[in-house]
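What follows is a single structure, written as structure tokens, with notes after it.
No experiment lies behind these values; they were computed from the predicted model shown.
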Amino acid sequence: MKSILFSFSVFLACNIQSQQKDYPIQPVPFNQVHVNDHFWKPRMQINATVTLPYILAECKKNGRIDNFLAAAGKKENKYCSAYPFDDTDLYKWLEGASYSLEQDPNPILSKYLDTLISIIGDAQEADGYLYTFRTIQPKVPHEWIGAKRWLKDEELSHELYDAGHLYEAAYAHYHATGKKNLLNIALKNADLLVKDFGYGKLEIYPGHQIVEVGLAKLYRITGNQKYLDLAKFFLDVRGPNGDAYNQANKKVIDQREAVGHAVRAAYMYSGMADIAALTGDSDYLKAIDAIWNDVASKKLYITGGIGATGNGEAFGEAYDLPNMSAYAETCAAIANVYWNNRMFLLHGDSKYIDVLERTLYNGLLSGISLSGDRFFYPNPLASVGQHDRSGWFSCACCITNMTRFLPSIPGYVYAQDKNNLYVNLFMSNSSDIMLSSGKVNISQTTEYPWKGKVDITINPEKTGSFSLSLRIPGWLQQQPVPGNLYTSTTPAQKAVITINGKFVVYPVVKGYAVITRSWKKGDLVSIDLPIVPQHIYANDEVKADKGRFAIQNGPIVYCLEGIDNKDSVVQNIAIDKNASLEVHYHPELLNGVNTITTEGLSTKRRLNSTDLITTAQKITAIPYYAWDNRGSGEMEVWIPYSVETARPKPAATIANRSKVTGSIQSKSLKAINDQLEPADSKDNTVPYFHWWPKKNSTEWVAYTFDTVHTVSSCKVYWYDDGPWGGCRIPAAWKIYYQKDGQWIPVKNTSSYEIAKDKYNSVSFEPVNTTALKLEVQLPVDNASGIHEWMVE
């Protein structure tokens with residue numbers, strides 16, 4: 001294996017040397033960085049021993065492998081899964097397995113890879129076309145794929161998206177094993193793309209970007225200019241007459257704001273960075289620099305998540321960062337890491353690694369459970385229990401994306417620019433790196449992210465001079481993220497650096513402490529990054545976070561989770577902005593975490609009064625990434641600092657004391673009696689219940705009372721997210737009461753109101769009953785939903 005990898009490294013090095021341009025800073029490949037810490041190493045081991053086998057079993061169970069067998073004529077010609085992009089789940093699994101194989105050689109895993117690659121190869125058509133949903137030729141083709149190849153790729157077919165993930169898997173597999181079996185499949189497919197696409201041929205752009213990144217990787221392997229040219233073509237042919245949803249509303253070089261589907265966008269920005277580096281195109285640089293500033297200053301969650309809205313899985317307007325309804329897709333977090341790493345390689349500024357680290361430890365890591373077999377698709381920043389990780393999704397992109405990403409984490413630790421060695425991330429590891437001055441072994445020993453002391457041992461093969469650039473994190477200097485989107489009120493801290501026990505005065509260049517000297521074996525650099533809990537405040541333009549603060553400790557963002565706090569409730573909590581925050585390490589909790597405790601107030605509504613009941617209580621916060629590992633429940637990242645902003649526990653009304661049931665089972669049913677007032681019908685910052693995707697049907701919710709009550713009126717506040725969402729006010733509604741086990745219509749004395757943005761009332765003759773049912777006739781083309789249902 002070592003000789004194969006050496007040959008590959010020489011081959012790759014020769015091709016890189018033959019290329020005229022590339023990133024001015026080069027990453028140190030992940031296979032050269034051997035992580036041995038207590039934070040990331042266990043996660044990578046769980047990925048290898050739990051997640052990879054689990055996902056392969058799910059791919060088999062959910063038709064991903066059968067699609068290739070059917071395309072190869074080895075099974076009945078019918079679809080075995082739901083979406084044309086399902087081929088990529090197997091490609092991403094292969095990529096993750098290849099990375100894992102390089103870290104920890106495993107003959108059984110290697111045999112699995114060869115078997116699956118053979119199955120994929122059998123499904124490839126003679127001219128290189130590889131897209132199971134067309135090759136299967138079922139009796140009824142999928143409506144997304146179009147009548148001919150490529151015809152609907154700008155919209156829904158995902159043929160080029162599938163190809164991009166194939167190329168990335170081939171690059172990883174070849175890099176890990178030196179084998180060409182998957183690479184040959186990828187190159188045959190890429191050659192077909194070169195034949196079919198280009199000016200004067202098919203001039204269409206990929207509907208879902210990533211093929212650009214994949215083609216750049218094939219160019220790096222082969223040095224063949226045609227792959228780089230095609231990648232650039234796919235970018236340049238995009239816009240200006242398409243949709244903002246897939247970033248085709250303008251030419252890519254004219255774009256200055258992040259718009260549309262967040263995953264597609266960040267993959268495209270990564271591709272633009274690759275092509276800018278490989279071609280020297282300054283127009284690409286101007287565009288992605290401006291777009292990056294737009295995201296960092298206006299559209300980035302404190303967790304590093306991007307894509308605020310579930311409507312199109314997209315970026316929202318500037319400063320529109322809701323918490324309960326935050327989408328912040330796991331795939332988007334991964335894409336954000338890819339993009340920010342490339343921006344650093346272009347510019348050498350630590351601000352990009354600041355965003356990368358924030359995303360890595362928070363909005364990305366939250367996407368997978370500690371057990372390695374449960375996953376989030378969206379990553380909200382508040383919950384009342386309606387969110388819970390799942391073992392699988394019919395659209396499984398986030399699940400398979402996570403398993404391909406985790407083994408690659410060591411590749412983000414170091415980078416080099418000739419004789420300058422960058423230390424970007426802090427985790428215990430050992431690495432051999434070739435600088436201009438010669439080979440250097442560097443090792444880190446640290447308990448980061450729980451403690452900020454990092455010991456770095458430098459062992460050059462021979463005494464020599466080079467620069468060591470140590471990142472000084474922005475969170476240390478009152479700057480959680482670049483710009484003014486978030487600020488910290490905790491005084492700035494100074495990184496203390498010693499070499500062989502002697503304090504060092506260092507210049508700071510683009511966020512790095514730069515130490516240039518002659519290094520000898522055994523030199524010990526110690527950097528102390530004081531980790532203290534911080535109060536983080538959002539820009540006033542972020543309406544969702546007004547009157548609230550977040551807690552951060554080092555790179556870790558914290559949240560309140562119900563299970564750790566009184567009555568398993570946290571939405572009703574307020575903490576004074578000057579309250580002291582105490583840090584305690586708990587090795588037995590959530591695989592070992594720092595918790596943060598403080599004192600605060602809980603709030604509760606009074607019956608028939610606007611005054612609140614407040615009670616002092618101890619508050620516990622845990623790392624955001626670790627929530628929902630002990631069951632679903634309430635969670636909150638942005639904590640009110642006054643009781644007026646908190647969401648009090650409901651008063652003991654008839655509705656609140658009732659058991660809620662419905663025509664569908666949903667954790668969101670509890671929203672209809674939580675006494676949280678929406679700002680309007682489309683308000684998704686407070687919990688709501690909906691029947692989507694049902695439409696044109698009769699549905700219901702019911703209250704079963706705690707005892708017999710006399711009731712004579714109801715008020716309902718409808719959820720309606722038009723014009724873009726799938727819910728509208730109902731066509732009709734009606735109230736029933738229970739008598740002798742039967743549902744009887746009430747005799748209404750007023751009409752049933754149906755209107756948006758207000759409570760809709762109905763009065764009826766008083767009834768003595770133990771239950772009420774609200775029956776809803778859904779509109780012909782939409783579902784309906786309920787914010788609140790009051791009973792009097």
Side-chain angles (χ1 to χ4, degrees), residues 161 205-210 212 235 238-240 242-273 287-340 342-343 352 355-356 358-359 362-364 366-367 376-381 397-398 401 481-486 538-539 541-545 637 682 684-685 721 723-725:
Y161 172 75
Y205 54 84
H208 194 311
Q209 301 90 319
I210 203 171
E212 305 87 344
L235 290 169
R238 191 175 217 92
D243 294 329
Y245 170 74
N246 56 10
Q247 300 76 43
N249 56 319
K250 296 180 180 180
K251 303 297 288 184
V252 296
I253 60 172
D254 295 328
Q255 297 186 28
R256 295 295 183 268
E257 297 180 357
V259 298
H261 191 278
V263 180
R264 299 175 192 229
Y267 282 163
M268 185 179 86
Y269 308 149
S270 297
M272 290 173 69
I288 55 177
D289 283 347
I291 294 167
W292 186 90
N293 285 327
D294 178 57
V295 173
S297 63
K298 299 172 185 175
K299 297 171 182 175
L300 182 71
Y301 278 103
I302 190 65
T303 57
I306 56 173
T309 174
N311 177 26
E313 303 179 327
F315 287 103
E317 297 297 321
Y319 305 109
D320 182 18
L321 295 165
N323 295 311
M324 188 85 69
S325 64
Y327 206 70
E329 184 183 338
T330 299
C331 281
I334 292 171
N336 201 26
V337 167
Y338 292 155
W339 178 29
N340 275 277
R342 286 165 165 82
M343 296 299 286
Y352 303 111
V355 175
L356 183 155
R358 174 170 300 279
T359 307
N362 300 291
L364 187 155
S366 60
F376 273 139
Y377 195 117
N379 292 269
L381 279 75
C397 56
C398 293
N401 224 354
V481 299
N484 65 353
L485 184 57
Y486 302 108
N539 188 299
E541 294 293 328
V542 184
K543 306 304 182 189
D545 300 335
V637 170
K682 66 178 181 296
N684 58 14
T685 66
D721 59 357
W724 309 116

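Between W339 and Y269, the two ring planes are tilted [angle within 30° to 60°]. Using the six-membered ring where Trp is involved, H208 and Y161 have ring planes that are tilted, between 30° and 60° apart.
Looking only at side-chain heavy atoms (C-beta outward), I302 and L381 come within less than 4.5 Å of each other. Residues V637 and N323 are not in side-chain contact: their nearest non-hydrogen atoms beyond the backbone lie 4.5 Å or more apart. Residues I306 and L300 form a side-chain contact, since some pair of their non-hydrogen atoms from C-beta on lies under 4.5 Å apart. In this structure, the side chains of E541 and L485 stay at 4.5 Å or more apart for every pair of heavy atoms. Residues I288 and M343 meet the side-chain proximity criterion, which asks for heavy atoms closer than 4.5 Å.
Side-chain atoms of K299 do not come within 3.5 Å of backbone N or O of F315 as any donor-acceptor pair. No side-chain donor-acceptor contact under 3.5 Å links N362 to the backbone of G304. When atom types are taken as modelled, the side chain of N311 and the backbone of G725 share no donor-acceptor pair closer than 3.5 angstrom. Proximity of a side-chain donor or acceptor of T303 to a complementary backbone N or O of G363 within less than 3.5 Å is not detected. Using a distance-only test at 3.5 Å, with no hydrogens or angles considered, a donor-acceptor pair links the side chain of E212 to the main chain of I210. Listed for the T359 side chain is no donor-acceptor partner under 3.5 Å among the backbone atoms of A333. No side-chain donor-acceptor contact under 3.5 Å links Y319 to the backbone of A544. The backbone N or O of N246 sits less than 3.5 Å from a side-chain atom of R238, completing a donor-acceptor pair. No donor-acceptor pair under 3.5 Å is formed between the side chain of Q247 and the backbone N or O of M268.
The distance from atom OG1 of T330 to atom CG of L364, rounded to the nearest 0.5 Å, is 7.0 Å. Of the inter-residue distances, the one linking R342 atom CZ with L356 atom CG reads 11.0 Å to the nearest 0.5 angstrom. With rounding to the nearest 0.5 angstrom, the CZ atom of R358 is 11.5 Å from the CG atom of N336. K298 contributes atom NZ, which lies 10.0 Å from atom CG of N484 (distance to the nearest 0.5 angstrom). Distance check, rounded to the nearest 0.5 Å: CD of E329 to SG of C397 gives 5.0 Å. Interatomic distance, OG1 of T685 versus NZ of K543, reported as 13.5 Å (0.5 Å rounding).
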task = Step by step, work out the side chain to side chain contact (heavy atoms under 4.5 Å, CB included) result for V263 and E313.
result = CA-CA 8 Å; V263 180; E313 303 179 327; 5.9 Å; no
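The minimum heavy-atom distance linking A326 with P378 is given by the pair O-CB, 4.2 Å. Annotation for A262 and G307: closest pair CB-CA, 3.7 Å, computed over non-hydrogen atoms. Heavy-atom minimum distance, W292 versus P482: CH2-CG, 3.6 Å. When every heavy atom of G310 is checked against every heavy atom of Y327, the shortest pair comes out as CA-CD1, 3.3 Å. Shortest non-hydrogen contact noted between A287 and I253 is CB-O, 3.9 Å. Taking every heavy atom of both residues into account, R256 and A290 meet most closely at CD-CB, 3.3 Å.
In this structure, T309 has no side-chain hydrogen bond (donor to acceptor under 3.5 Å, both in side chains) partners at least two apart in sequence or on a different chain. Among residues two or more places apart in sequence or in another chain, the ring-ring contact (aromatic ring centres under 6.0 Å, His included) test is passed with Y205 by none.
At most 12 non-hydrogen atoms from other residues, nucleotides or ligands lie less than 6.0 angstrom from NZ of K250. The 12-atom threshold is not exceeded at CD of E317, counting heavy atoms of other residues, nucleotides or ligands nearer than 6.0 Å.
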